[in-house]
S.K.: 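Handing you a structure now.
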Number of protein chains: 2
Amino acid sequence: MDYQNYVQMLKAMADPNRLKIIDLLSCGSLCACDILQHFDFSQPTLSHHMKVLQNAGIVFTVKDGKWQHYSLQKRFVQEFKQNTDQLLAADEHCLCQRSDCEKDVAN
Amino acid sequence: MDYQNYVQMLKAMADPNRLKIIDLLSCGSLCACDILQHFDFSQPTLSHHMKVLQNAGIVFTVKDGKWQHYSLQKRFVQEFKQNTDQLLAADEHCLCQRSDCEKDVAN
DNA sequence: CCATTACATAGACGATCATCTATGTATAGT
DNA sequence: ACTATACATAGATGATCGTCTATGTAATGG
C-alpha cells in the first residue's frame with residue numbers, strides 16, 4: 001500500500017476547518033468568498049487551507065474572472081475510500097510476518 | 001456531523017508511522033515489542049504513538065504479565081468508515097445553504 | 001484611470017508535534 | 001536479591017502547523 005499519498009490526504013483532512021470545507025464542497029462547487037462566509041478566520045488563512053487541500057489532491061480550482069471556483073476531486077473521493085477500505089480490511093495481507101499471524105492463518 | 005471525534009481519528013492516522021501501526025494491527029493483536037521491530041525509532045517514541053492511538057479510540061490494550069497487547073477497536077473501524085462515507089457522500093444534506101445549491105436541487 | 005473586489009504571497013508568531021535521552025516501574029527468571 | 005525484560009513517564013529540542021497582519025496582483029466597474 002502506498003502510504004505517502006494517503007497520509008497527505010489524511011493530514012489535509014485532519015483539521016476541523018478543512019474538514020468543514022470538504023463537507024461544504026461535497027455538495028458542489030463554491031468560490032472562496034462563499035466558503036469564507038462559513039468561518040471566522042481571515043481570508044489569507046482560507047487561502048492557505050485551500051492550497052493545502054489542492055496540494056493533497058482533494059480539491060481543484062477553475063478560474064472565472066475574479067473568482068476561483070473550488071470543487072472536490074472525484075479521484076480523491078474514490079481513492080480515499082479505497083485506501084481506507086484497504087487499510088481497515090480484515091482480510092488484507094498482513095505485514096507482521098509472524099508465523100502465528102491471525103490474518104495469515106485466516107487466509 | 002460530529003467532526004470532533006472524526007478529526008481526532010484523522011489526526012492520529014495522519015502520520016506514516018502510526019498508519020503503519022494500524023496496518024500491522026489490522027491483522028490481529030500485537031505487543032509493543034513486536035510492533036517496535038518494524039520501525040527505526042526508539043521505544044519511548046512507540047509508547048507515545050500508541051498513546052495517541054489509544055486516545056483517539058483507535059486501539060485498546062490488554063495487559064498480560066510484562067506485555068501489553070494492542071488491538072484495533074472494532075468500533076473505530078466501523079465509525080471511521082461511516083464518517084468517511086457521510087462526509088464524501090454526494091447526496092448528503094448540504095451545509096452551504098445557497099438557494100442554487102447543486103446538492104439540495106438534486107434532493 | 002481610479003477605486004473596488006477577489007484572491008495570493010510573504011513573513012512573523014505561538015502552539016502543537018515527533019523524536020530523543022534519561023529515568024522510573026513493574027514483571028519474570030535465576 | 002539480583003538482573004534482565006517490557007513498557008511508561010518526564011523533559012528537552014527542532015520541525016511543522018494554523019493563524020495573523022501587511023502587502024501584492026489581477027479583474028471589474030464607473
Side-chain angles (χ1 to χ4, degrees), chain A residues 3-25 28-71 96 98 100, chain B residues 3-25 28-71 96 98 100:
Chain A
Y3 289 145
Q4 207 159 1
N5 196 248
Y6 190 43
V7 166
Q8 199 182 8
M9 295 182 201
L10 288 166
K11 271 187 184 165
M13 296 170 72
D15 174 88
N17 291 320
R18 285 197 294 264
L19 199 59
K20 187 173 173 182
I21 292 172
I22 294 173
D23 211 345
L24 287 168
L25 291 179
S29 175
L30 289 171
C31 70
C33 53
D34 287 335
I35 298 174
L36 190 58
Q37 290 185 330
H38 292 85
F39 297 95
D40 289 331
F41 50 63
S42 65
Q43 174 267 320
T45 296
L46 176 64
S47 202
H48 161 72
H49 285 313
M50 298 317 294
K51 197 165 194 175
V52 172
L53 291 171
Q54 283 183 74
N55 289 340
I58 294 179
V59 309
F60 69 95
T61 175
V62 175
K63 188 165 187 177
D64 171 28
K66 289 191 297 183
W67 293 277
Q68 287 282 4
H69 292 279
Y70 293 99
S71 308
C96 72
R98 293 192 307 158
D100 61 341
Chain B
Y3 289 144
Q4 206 160 359
N5 195 249
Y6 189 43
V7 166
Q8 198 181 8
M9 295 182 202
L10 288 166
K11 271 187 184 165
M13 296 170 73
D15 174 270
N17 292 320
R18 285 198 294 264
L19 198 59
K20 188 173 173 182
I21 292 172
I22 294 174
D23 211 348
L24 286 167
L25 291 178
S29 175
L30 288 172
C31 70
C33 53
D34 286 335
I35 299 174
L36 190 57
Q37 290 184 331
H38 292 84
F39 296 95
D40 290 330
F41 51 64
S42 66
Q43 174 266 321
T45 296
L46 177 64
S47 202
H48 160 72
H49 285 312
M50 298 317 293
K51 198 165 195 177
V52 172
L53 291 172
Q54 283 183 75
N55 289 340
I58 294 179
V59 309
F60 68 96
T61 173
V62 176
K63 188 165 188 177
D64 171 28
K66 289 190 295 182
W67 294 275
Q68 289 281 6
H69 293 279
Y70 293 99
S71 308
C96 72
R98 293 192 306 157
D100 61 340

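Letters A, B, ... mirror the listed sequences (proteins, then strands); counts begin at 1.
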S.K.: What is the separation between atom CG on B:Asp64 and atom P on D:dC7, rounded to the nearest whole Å?
M.R.: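 Atom CG in B:Asp64 sits about 10 Å away from atom P in D:dC7.
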S.K.: Starting at the 5' end of DNA chain D and moving along, which residue's nearest nucleotide shows up first, A:Asp40 or B:Cys33?
M.R.: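 So the residue in question is B:Cys33.
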S.K.: Are A:Lys51 and C:dC7 close enough that a side-chain N or O sits under 4.0 Å from OP1 or OP2?
M.R.: no
S.K.: Would you mind reporting whether B:Tyr3 and A:Asp23 have side-chain heavy atoms less than 4.5 Å apart?
M.R.: yes
S.K.: Go nucleotide by nucleotide along DNA chain C from the 5' end; which of B:Phe41 and A:Gln43 gets its closest nucleotide reached first?
M.R.: A:Gln43
S.K.: Would one find a side-chain N or O of A:Thr45 under 4.0 angstrom from OP1 or OP2 of D:dC20?
M.R.: yes
S.K.: Starting at NZ of B:Lys11 and ending at C1' of C:dA18, how long is that distance when rounded to a whole Å?
M.R.: 15 Å
S.K.: Do B:Pro16 and B:Leu19 have side chains that approach each other closer than 4.5 Å (heavy atoms only, starting at C-beta)?
M.R.: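 Sidechains of B:Leu19 and B:Pro16: no contact.
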S.K.: Want to settle it: does A:Arg18 or A:Lys63 sit nearer the 5' end of DNA chain D, counting the closest nucleotide to each?
M.R.: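 This one resolves to A:Arg18.
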S.K.: Is the distance between the ring centroids of B:His49 and B:Phe39 under 6.0 Å?
M.R.: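 Aromatic pair excluded; centres sit 6.0 Å or further apart.
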S.K.: Would you mind telling me which of C:dT27, D:dC7, D:dT19 lies closest to the side-chain atoms of B:Trp67?
M.R.: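 Nucleotide nearest to B:Trp67's side chain: D:dC7.
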S.K.: Just the rounded figure in Å: distance from P of C:dA18 to CG of B:Leu19.
M.R.: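 In whole Å, C:dA18 P and B:Leu19 CG are 13 Å from each other.
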S.K.: Closest approach to the side chain of B:Pro44, judged atom by atom: which nucleotide of D:dC7, D:dA22, C:dA22 is it?
M.R.: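 In terms of side-chain proximity for B:Pro44, the closest of D:dC7, D:dA22, C:dA22 is C:dA22.
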S.K.: Picking from C:dT27, C:dA6, D:dG18, which would you name as closest to the side chain of A:Lys66?
M.R.: C:dA6
S.K.: Looking for any heavy atom pair under 4.0 Å, which part of the strands does B:Phe39 touch: base, sugar-phosphate only, or nothing?
M.R.: nothing
S.K.: To the nearest angstrom, how far is B:Gln37 atom CD from D:dT5 atom C1'?
M.R.: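 Answer to the nearest Å: 13 Å.
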S.K.: How many whole angstroms separate atom NE2 of B:His49 from atom P of D:dT9?
M.R.: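 Taking NE2 of B:His49 and P of D:dT9, I get 16 Å after rounding.
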S.K.: Rounding to an integer number of Å, can you tell me how far B:Leu36 CG sits from C:dT19 P?
M.R.: 12 Å
S.K.: May I ask you to verify if any side-chain N or O of B:His48 is less than 4.0 angstrom from the OP1 or OP2 atom of D:dA10?
M.R.: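 Checking B:His48 against D:dA10: no side-chain N or O falls below 4.0 Å of OP1 or OP2.
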S.K.: Would you say the side chain of A:Leu25 lies within less than 4.5 Å of the side chain of A:Ile35, judging by non-hydrogen atoms?
M.R.: yes
S.K.: May I ask you to say what A:Gln68 touches in the nucleic acid, namely base, sugar-phosphate or nothing, with a heavy-atom cut-off under 4.0 Å?
M.R.: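 Sugar-phosphate: the residue A:Gln68, judged by heavy atoms under 4.0 Å, touches backbone atoms but no base.
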S.K.: What integer distance in Å separates B:Asp15:CG from C:dT19:C1'?
M.R.: 11 Å
S.K.: Hey, are the side chains of A:Val52 and A:Lys11 touching, using non-hydrogen atoms and a 4.5 Å cut-off?
M.R.: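 Not in contact.
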S.K.: Taking CG from B:Asn55 and P from C:dC17, how many angstroms apart are they, rounded to a whole number?
M.R.: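 Spelled out: CG on B:Asn55 to P on C:dC17 is 11 Å.
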